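This report refers to the structure that appears directly beneath it.
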Amino acid sequence: MSTTQELHDLPAQYDPGQTERAIYERWVEAGVFAADEKRSSRNGGDREPFVVIMPPPNVTAVLHMGHGLNNTVQDVIVRWRRMAGDETLWVPGTDHAGIATQNIVEKQLAAEGKTKFDLGREAFVARTVAFVEETGGEILRQLRAIGASADWNRTAYTFSPELSRAVREAFVQLHERGLIYRGHRVIHWCPRCLTSLSDEEAQHGEEVGSLYHIAYRIVGAKDHSSVVVATTRPETLLGDVAVAVHPDDERYKKLIGRSVMLPIANIEIPVIADEYVDPAFGTGVVKITPAHDPNDFEVGMRHQLPMPVIMSPDGTMGNGADAGSRVPPDLLGIDRFEARERIVRSLENSKQLEKIEAHQHSIRHCYRCDTVVEPRLSDQWFVKMEPLAKPALEAVRVGTIRILPERWEAVYVNWLENIRDWNISRQLWWGHRIPVWYCDKCSKQIVSRTDVVACESCGGPVRQDEDVLDTWFSSWLFPISTLGWPDKSAAPLVAFYPTDDLVTAPEILFFWVSRMIMAGYAFMDAPPFHTVYLHGTVRDMNHVKMSKSLGNGIDPLDVVNSYGADALRYTVVAGMGMGADLMLDHRDLERSFAPGRNFATKLWNIGRFLLANVGTSPVRSVDELRVDELTLADRWILGRLNATIVESDAALGPPRPTKGKWRREERYAGLRLSEFAEAARRFVWNDVADWYLETTKGRIGAGSADSEVARAVLTHVFDHALRLLHPIMPFITETLWQRLPFPVAAERGEFLATAPWPIAQSSSRSETSALAGFDILREAVSAIRQIRSDYGIAPGKSIEAFVQSRSNAALFADHARLIGQLSRSTVTIGSAGSDAAAAHSVLSDGSEIIIPLGGVVDIAKECGKLRGELDQLETQLEALSKRLRNEGFVSRAPAPVVESERKKEEEWIKRRGQLAAKVKALCGG
RNA sequence: GGGCGAGUAGCUCAGUUGGUUAGAGCGCCUGCCUUACACGCAGGAUGUCGGGGGUUCGAGUCCCUCCUCGCCCACCA
């Protein structure tokens with residue numbers, strides 16, 4: 001007899017490091033991940049297309065657990081659909097990430113003691129291009145390590161020539177439709193990044209600040225009286241052009257039309273009336289600073305007030321447009337926060353500071369550098385959003401698009417209903433230059449798809465707009481631009497648009513997801529996808545979001561190196577409820593990823609058992625096995641397989657909506673990936689490994705007809721388990737599947753990755769009676785095991801068990817040997833036939849298991865132990881009952897405590913009965 | 001200020017339309033290196049299902065209310 005090792009070439013321990021890379025290479029070489037336009041049914045092909053567009057990571061990003069989670073989810077879905085027979089495409093790509101990338105290069109320059117201005121625009125952009133070429137795209141290579149099955153031939157980049165063309169086309173088209181305009185208004189300005197930001201890029205943060213009450217003297221008042229305004233930003237008072245009160249506010253009615261003296265700047269400004277003022281807040285008097293506050297800007301427009309800018313782009317005080325010399329010389333060039341303090345001190349000195357109140361309010365911060373943003377009057381390009389939002393809103397409302405988990409749909413709808421115009425120009429150097437040219441001679445403005453060299457009207461010299469577009473103005477086109485838009489007849493676009501699922505984090509629902517939906521309707525007149533799957537965030541054990549800067553991150557590549565990509569993937573998928581955050585311990589990777597690693601090992605060992613026992617010669621096809629050849633266990637496991645396939649399909653749900661719209665009953669039912677993972681795990685571990693595999697021991701090597709049946713069924717069952725698990729654990733399942741013996745006549749594909757997804761079948765082989773019958777046998781085995789454990793019967797000690805049954809006598813008789821094998825006992829059907837001490841257990845069908853204990857356990861010793869236990873229980877029970885009957889206890893204790901104590905009493909009484917019976921049986925009267 | 005979500009075993013979470021004894025993984029306890037697997041096997045313990053009230057024959061599940069966390073949105077200076 002040869003050893004296990006010689007029967008097959010599987011090492012005792014699974015070593016992912018050795019196998020994963022090689023398997024990945026083979027997949028790529030064989031073109032497993034490549035999608036073919038011609039096979040798409042939309043192009044006359046024979047397969048339904050299934051498409052996922054990868055949320056492009058920043059081109060300079062390094063893989064972190066967030067990417068790991070995001071791309072694992074996508075890969076599970078994509079691999080599932082590929083096996084299910086769809087023409088499956090997963091488009092990978094990166095984002096040039098305007099501000100983020102520019103900031104990195106600026107930091108590098110700073111380290112060299114330089115600024116971008118030392119280089120100049122052209123050289124700076126060239127340097128950034130070089131930096132991106134050198135470091136960029138590394139993250140996509142890293143994604144291969146976790147098994148991402150993207151079509152790398154189609155890797156996109158938001159700043160590539162093709163996608164840049166799409167960006168220009170989108171801009172020009174929207175401009176032609178009157179949806180892009182130049183706006184003069186107050187926008188969010190980051191004084192550190194020196195650029196304007198969209199509303200979404202200026203993120204709220206609650207802070208406790210101060211509300212300063214400042215007295216403005218009333219001009220011409222005999223008693224030197226004043227009005228008091230309340231402000232959180234005293235430095236902006238230099239830009240005040242009025243103070244406003246509510247028109248109906250009796251306190252101030254008589255002041256309307258008069259003037260007050262603006263402190264520090266010493267300018268007379270009018271008192272105006274405007275509905276915008278809330279008389280109940282602060283003093284009911286508001287300083288109006290149109291150039292530095294969006295509300296004040298509106299007031300300024302209504303009252304046709306001047307709009308002086310009193311701050312420089314870098315956040316220092318400075319006299320800008322229309323400011324004259326409002327900022328006094330000693331404040332010029334002083335940072336806004338320092339200026340605030342100086343102005344407050346100065347007001348204190350002049351007795352114009354009435355008081356300072358603590359005040360909680362929210363302040364907006366730059367989403368890239370966290371600097372407090374400054375509202376600032378400037379000229380920017382805007383997209384008119386309301387017309388674009390309309391179809392996007394409708395799509396979710398009617399179910400053309402679903403968002404999972406469901407609760408995000410309300411958030412989405414709420415945002416779109418209150419949508420505001422999108423500031424798309426950025427005062428950066430890294431990005432798509434705005435395709436607008438201005439003629440120096442006739443000041444004509446030219447918006448063009450192609451570069452303009454001379455004015456189309458007068459032939460004069462032109463210069464292009466200095467600004468670049470918001471990064472999101474290129475990524476919102478990703479689903480269409482990566483497939484060939486603006487060429488609407490491009491083969492990929494025809495074959496693969498609309499796409500199917502979009503998988504991302506809720507943080508970019510507004511930045512990206514909703515805008516993609518708008519772009520889809522605006523440029524293709526069709527939604528970009530039908531499903532938005534929003535997953536949670538990866539956090540540490542303290543629920544703090546993982547991040548490099550906090551040092552609480554996990555490098556997915558560390559996990560891959562230590563435990564394998566499959567362990568990472570399984571852990572992530574199984575541990576993450578729909579939309580729920582994922583907690584991982586960065587200080588204990590072994591514990592964090594134990595679920596995945598342990599399960600991979602389990603699979604490996606089942607594989608080893610199978611190869612050692614089934615061997616490699618072809619097996620019979622399960623389809624040709626006759627029912628009368630199958631054992632009860634065979635039929636049971638085939639039934640369990642069927643049930644598992646059904647459960648898995650239910651958890652994954654329908655891949656696409658029927659007739660273009662999600663029906664209510666299926667809309668929120670699918671993509672429950674953790675339930676899918678759990679169903680598959682339960683089948684493999686609790687059914688196949690714990691029970692079925694054990695039943696084949698002893699019959700599989702017998703060389704009989706029955707052993708051929710066992711070989712066939714075990715192989716079939718494991719083959720299908722591997723198929724189910726492949727989307728989650730692609731590497732180990734492929735490795736094992738490659739070595740599986742196959743049915744003689746079966747056509748075996750080259751890869752599990754493209755093997756057909758299991759299909760549940762209604763078959764007499766797996767009827768429910770087999771399930772029920774085998775479950776009773778399992779109960780019997782468990783009962784015997786429990787008794788063995790209860791009485792401390794050594795595993796090596798053979799014992800005899802009797803089964804008494806009326807309803808299932810034949811079943812037990814037929815499977816006495818099997819029960820014995822699984823419980824390490826000799827099982828006899830019928831009465832124990834003596835009054836000797838015995839352990840009893842009743843099964844759910846009324847059958848009784850009896851195990852005589854004489855000669856197996858030391859009766860005297862066991863009796864002593866049991867009596868001791870019974871005595872202790874009696875004492876405890878007595879005390880408890882006494883306490884419960886005691887009035888004081890009942891009245892003092894809270895009702896639930898009393899309730900639980902009563903429950904406990906009941907339980908103890910029950911246990912006392914059981915123990916007493918046990919003592920009586922074992923020790924006699 | 002508006003909206004949403006969560007609170008179930010020590011930890012992370014499942015618990016579909018209310019229905020038998022509330023589950024899983026990790027951790028814990030006991031016994032086992034039983035020739036696929038100690039990254040394992042067998043057995044076991046642990047739950048005022050956030051508090052209170054209500055509807056119901058029956059509620060972790062529905063309604064009201066309170067408490068505690070978290071998220072999103074927001075132009076009250």
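So you know, we letter chains A, B, ... as the sequences are listed, proteins then strands, and number each from 1. Predicted model only: the values in this text are computed from it and were never measured.
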Please check the phosphate of [N] (OP1 and OP2 only) for any side-chain N or O of [X] closer than 4.0 Å.
| X | N | value |
| --- | --- | --- |
| A:His359 | B:A77 | yes |
| A:Gln786 | B:A42 | no |
| A:Lys602 | B:C41 | yes |
| A:His204 | B:A74 | yes |
| A:Asn598 | B:G40 | yes |
| A:Arg364 | B:C75 | yes |
| A:Arg591 | B:C39 | no |
| A:Lys697 | B:A36 | yes |
| A:Trp415 | B:C4 | no |
| A:Arg407 | B:C71 | no |
| A:His188 | B:C75 | no |

Could you please name the partner base of [N], counting Watson-Crick and G-U wobble pairs only when both distances are under 3.5 Å?
| N | answer |
| --- | --- |
| B:C75 | none |
| B:G7 | B:C67 |
| B:C62 | B:G54 |
| B:U21 | none |
| B:U48 | none |
| B:C41 | B:G31 |

Under 4.0 Å between any heavy atoms, over every strand shown, what does [X] touch: base, sugar-phosphate, or nothing? Just pick one.
| X | value |
| --- | --- |
| A:Ala689 | base |
| A:Glu694 | base |
| A:Ser789 | sugar-phosphate |
| A:Phe510 | sugar-phosphate |
| A:Val286 | base |
| A:Glu590 | nothing |
| A:Thr289 | nothing |
| A:Ala594 | nothing |
| A:Arg824 | base |
| A:Leu610 | nothing |

Using the [atom1] atom in both, what is the distance from [N] to [M], to the nearest Å?
| N | M | atom1 | value |
| --- | --- | --- | --- |
| B:G58 | B:C13 | C1' | 27 Å |
| B:U12 | B:G7 | C1' | 14 Å |
| B:A14 | B:G54 | P | 30 Å |
| B:C57 | B:A6 | P | 29 Å |
| B:G1 | B:G47 | C1' | 39 Å |
| B:G5 | B:A9 | C1' | 23 Å |
| B:U35 | B:G15 | P | 40 Å |
| B:C29 | B:U68 | C1' | 33 Å |

Could you state the atom-to-atom distance from [atom1] of [X] to [atom2] of [N] in whole Å?
| X | N | atom1 | atom2 | result |
| --- | --- | --- | --- | --- |
| A:Asp581 | B:C69 | CG | P | 18 Å |
| A:Ile606 | B:C37 | CD1 | P | 13 Å |
| A:Glu206 | B:C73 | CD | C1' | 12 Å |
| A:Leu584 | B:U12 | CG | P | 12 Å |
| A:Asn295 | B:A77 | CG | C1' | 8 Å |
| A:Leu822 | B:G43 | CG | P | 12 Å |
| A:Glu406 | B:G3 | CD | P | 18 Å |
| A:Leu693 | B:U35 | CG | P | 14 Å |

Under 4.0 Å between a side-chain nitrogen and a carboxylate oxygen: does that hold for [X] and [Y]?
| X | Y | answer |
| --- | --- | --- |
| A:Arg682 | A:Asp687 | no |
| A:Glu678 | A:Arg672 | no |
| A:Glu374 | A:Arg364 | no |
| A:Asp540 | A:Lys545 | no |

Among B:A24, B:U12, B:C37, the nucleotide that comes nearest once only the side chain of A:Met583 is considered: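 The nucleotide sitting nearest to the side chain is B:U12.
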Return the nearest nucleotide to the side chain of A:Asp690; candidates are B:C72, B:A42, B:A77. B:A42
Indicate the ring-plane relationship of A:Tyr570 and A:Phe599, choosing parallel, tilted or perpendicular according to the 30° and 60° boundaries.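 A:Tyr570 vs A:Phe599 ring planes: tilted.
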Taking for each residue the nucleotide of RNA chain B with the nearest heavy atom, is it A:Val688 or A:Thr283 whose nucleotide lies nearer the 5' end? A:Val688
How do A:Met541 and A:Trp691 order along RNA chain B: which one's closest nucleotide is nearer the 5' end?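 In this pair, the answer is A:Met541.
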Record whether the side chain of A:Gln13 comes under 3.5 Å of the base of B:C39 through a donor-acceptor pair of N or O atoms.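 Check passes, donor-acceptor contact within cut-off.
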As an exercise, state the distance from CD1 of A:Ile508 to CZ of A:Arg515, rounded to the nearest 0.5 Å.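 A:Ile508 atom CD1 to A:Arg515 atom CZ measures 11.0 Å (nearest 0.5 Å).
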Could you walk me through whether A:Arg667 and A:Glu409 pass salt bridge (Lys or Arg N to Asp or Glu O under 4.0 Å), step by step? CA-CA 12 Å; A:Arg667 184 162 177 173; A:Glu409 288 187 351; 3.0 Å; yes
Report yes or no: is the cationic atom of A:Arg185 (NZ for Lys, CZ for Arg) under 6.0 Å from the centre of the six-membered ring of A:Phe382, at an angle within 45° of the ring normal?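 Because its charged atom sits under 6.0 Å from the ring centre and within 45° of the axis, A:Arg185 does stack over A:Phe382.
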Could you tell me whether the side chain of A:Asp249 and the main chain of A:Val245 form a donor-acceptor pair under 3.5 Å? no
Just do the side chain to side chain contact (heavy atoms under 4.5 Å, CB included) check on A:Leu822 and A:Trp691 with the steps written out, would you? CA-CA 8 Å; A:Leu822 297 175; A:Trp691 291 98; 3.9 Å; yes
